[in-house]
Amino acid sequence: MLEIRNLQKRYGNFQALDGLDLTIPEGETFGFVGPNGAGKTTTLKITAGLLSPDSGSVMIDGVDALQDNRGLKGKIGYVPDFFGVYDNLKVSEYMEFFASCYGFEGREARMRCYALLEQVKLEDRADFFVDGLSRGMKQRLCLARALLHDPKLLILDEPASGMDPRTRMEFSAMLKDLRDQGKTLFVSSHILSELSGLCTSIGIIEQGHMVLEGSMEQIIEQVNSSNPLLIQVFSNMEKALAILKSHPCVQTITVKRDEIKVGFLGDRQDEAALLQQLVDADVMVSGFMREKGSLESLFMQVTAREDEKAVIRHEMESGL
Amino acid sequence: MKWNPVYRRELTVNSRSVRLAAILLVFDSILAVAALFNMYSVVGQVKVTAEIQYSRFLELYTFVSSIEFIMLMFIMPALTASSVSGEREKQTLELMLTTTMKPREIILGKLFSALTMMLLLAVSALPIQSLVFVYGGITITDMAMLFVCHGIVAAFTGGIGMFYSSLFKRSTIATVCAYATIVLLAAGTYAVNVFAYRMDMNELNSYLNALNASVRQPSSGGFIYLLLLNPAITFLAVITRQAGSGNVRLAFEQWFGAQPDNAVTANWIPVSLLLQLLAAVVLIAAAVHTITPVHQGKKGSKKTGVKRLREYIRNERRRAC
């Protein structure tokens, strides 16, 4: 659906995008994560046809976004991180105005607007003035506006920022509905817990280029495999420790009562072999699992600054 | 017929705004007071001298038309200079630019909504302006000509406002620049001509004193053509033809000295209106170009040789580091 290749964008002396590559297959919900100033909004704006890159290519559903700007706009819906509203304009008029911007007029436009207002649960606010709506309602209205022409790709820039938890959950449920309808979603957000529940794949951008990209399962597995093994031993602790000390994949061992925390550099097969070895040595194991990792911890690891990374490397090398 | 969405929305929003009603009230009140005062003074004169000076009614026409023109010169830039930048400030421009609507439609919708407001002002002033028909002296054709002149001047000043509005993010800066440009066109070109005329006159006087003979009439020279872009001069020419001496050339000679005898000076009004219309088209095209985010067929911004060299040096340094 979306294919970005070697995207470059510079603002004066600041390199916002430095050879960004990104692919989102059709029907995916892609979470776009990165620290402030990493180039998320620039990427979204270029994809939405609002900004011209210095070089690179953007293909959306087979359309070259930089060559056919009008063709691109028929395929995308854009929800920015702000609410563009007019004074003295009612919700229904706001929707009908944008419907006419997409070429829908009269009865067709009204039907479409009403259906979308119903979808975002704003049908009872149709005669309210837009500037009188709450923040959550405005964001839902923005979503309805972006869906007016039934786009294949929906671009959302920090859609849940500034919302209270309930509104955020409701908004997230609406996005899940859209995902289930087969829409491709390209979502940038700082709220990683929200992304992990919504997205099917994720990409982390740092200083203008992708540092990590993959499906949610792959990423979570990657997060988990870098976490320590937690082994709960019911009896024969000495034997268990002896086996662990002699195992080549074991890096560190920490014992806390009947629980052993093991820094383990191995895949799932190595884990299974270790468990088998412990059981064969008459060690009674009551628990054996990887410590659960979170997207937040991965984000912190990946986007850690160079000096922080150097400290982490030094700690690892010196066995601290 | 498909309406321009921006134009339709602007009409809806403007019709709900108190601003439009306030402008109409102030504008028509000024004209009505002026008309009543004029008629009162004419009647007062009749009581004293038992004679009616019909030229006084033409003065009323000149006055109403001048007020209309001044309002046009001052309101049009205010309406248009905040149009696109106002959308930027409200963060709605980007939303419109992501739709399939063309940037040209946005600019034209904004311009035509401002022109419609001006049309509303002109139409609301028609009953007062029509008072001159009671006594004659002005024909329907004259009124139509004045209407065309006002329309083109509105498009020109509106184009200036639209251009700055699309160029600057802040409405305040755009409005200041639009007014500065209009003052420069109206007062600046006049001042340049007066200055050139006086300089030429001084030079000729000293020369003539030395020779004690007559050589030629002083003039502002080629600077006179700058006035083709001066909306105030165009309006003065139209009013002079309709309610003044009727001889535009003579009036210009009084203001700026001898005029060159050619097709431009002979057809001053149509030429200046055409030029101003052309300038309006150019300004509107520039505004459309400015708000277009990605230009068709443009793959990346053009880089000059110096920029490329700087980027190469920067990349090499980064690699060395």
Side-chain angles (χ1 to χ4, degrees), chain A residues 7-10 13 15 18 45-46 48-58 64-90 93-94 96-106 109 129 131 142 145-146 148-149 151 155, chain B residues 1-20 83 86-106 109 113 289 291-304 307-308 310-311 313-315 317-319 321:
Chain A
L7 209 59
Q8 305 260 359
K9 180 72 187 173
R10 176 178 281 278
N13 287 327
Q15 187 80 40
D18 191 8
K45 281 194 171 177
I46 290 172
L50 290 171
L51 206 60
S52 187
D54 292 339
S55 64
S57 70
V58 180
D64 188 336
L66 306 177
Q67 296 287 329
D68 183 6
N69 203 250
R70 199 167 157 80
L72 150 88
K73 284 168 182 175
K75 292 182 184 296
I76 60 133
Y78 179 58
V79 180
D81 57 345
F82 51 79
F83 319 110
V85 292
Y86 296 99
D87 306 331
N88 286 330
L89 209 62
K90 291 176 182 171
E93 289 168 344
Y94 177 87
E96 280 171 32
F97 162 61
F98 279 103
S100 58
C101 289
Y102 284 110
F104 302 111
E105 295 287 344
F129 281 101
D131 48 344
C142 259
R145 175 197 51 75
L148 271 165
H149 57 305
I155 300 166
Chain B
M1 192 187 90
K2 189 182 173 248
W3 281 53
N4 181 312
V6 177
Y7 178 71
R8 193 166 51 186
R9 192 209 64 218
E10 287 287 314
L11 287 193
T12 309
V13 173
N14 284 342
S15 64
R16 286 185 184 143
S17 153
V18 188
R19 192 176 63 166
L20 179 63
S83 56
E87 293 276 352
R88 273 205 197 95
E89 284 167 347
K90 277 186 283 192
Q91 299 181 310
T92 45
L93 184 65
E94 279 195 354
L95 299 185
M96 282 197 279
L97 288 172
T98 54
T99 67
T100 48
M101 188 167 56
K102 290 172 184 160
R104 186 182 64 217
E105 292 175 77
I106 299 175
S113 83
H289 186 269
I291 67 159
T292 306
V294 178
H295 296 282
Q296 292 290 308
K298 185 186 167 189
K299 220 169 189 178
S301 61
K302 285 175 189 167
K303 282 181 181 161
T304 60
K307 274 190 181 172
R308 280 196 185 138
R310 273 187 197 153
E311 196 168 299
I313 293 167
R314 202 180 294 127
N315 287 340
R317 275 186 192 153
R318 201 185 296 167
R319 211 170 289 158
C321 286

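Order of the sequence lines sets the chain letters (A, B, ...), proteins ahead of strands, with each chain counted from 1.
With respect to chain A, the highest number of heavy-atom pairs below 4.5 Å among B/Gln91, B/Lys102, B/Met96, B/Glu105 belongs to B/Gln91. Highest contact tally toward chain B, considering only A/Cys142, A/Ser100, A/Cys101, is held by A/Cys101 [criterion: heavy-atom pairs under 4.5 Å].
Interatomic distance, A/Leu148 CG to B/Thr99 OG1, rounded to the nearest 0.5 Å: 10.0 Å. Distance OG1/B/Thr100 to NZ/A/Lys73: 9.0 Å, rounded to 0.5 Å.
Shown here is B/Arg104, whose CZ atom has no more than 12 heavy atoms of other residues, nucleotides or ligands within 6.0 Å.
Listed by chain and residue number, A/Glu93 satisfy the side chain to side chain donor-acceptor pair (under 3.5 Å) test with B/Arg16 (two or more places apart in sequence, or in another chain). The side chain to side chain donor-acceptor pair (under 3.5 Å) test applied to A/Lys9 returns no partner, not counting sequence neighbours.
Heavy atoms closer than 4.5 Å to chain A are found in the side chain of B/Thr12, but not in its backbone. With a 4.5 Å cut-off on non-hydrogen atoms, A/Lys75 does not touch chain B at all. Interface residue A/Leu50: backbone and side-chain heavy atoms are both found under 4.5 Å from chain B.
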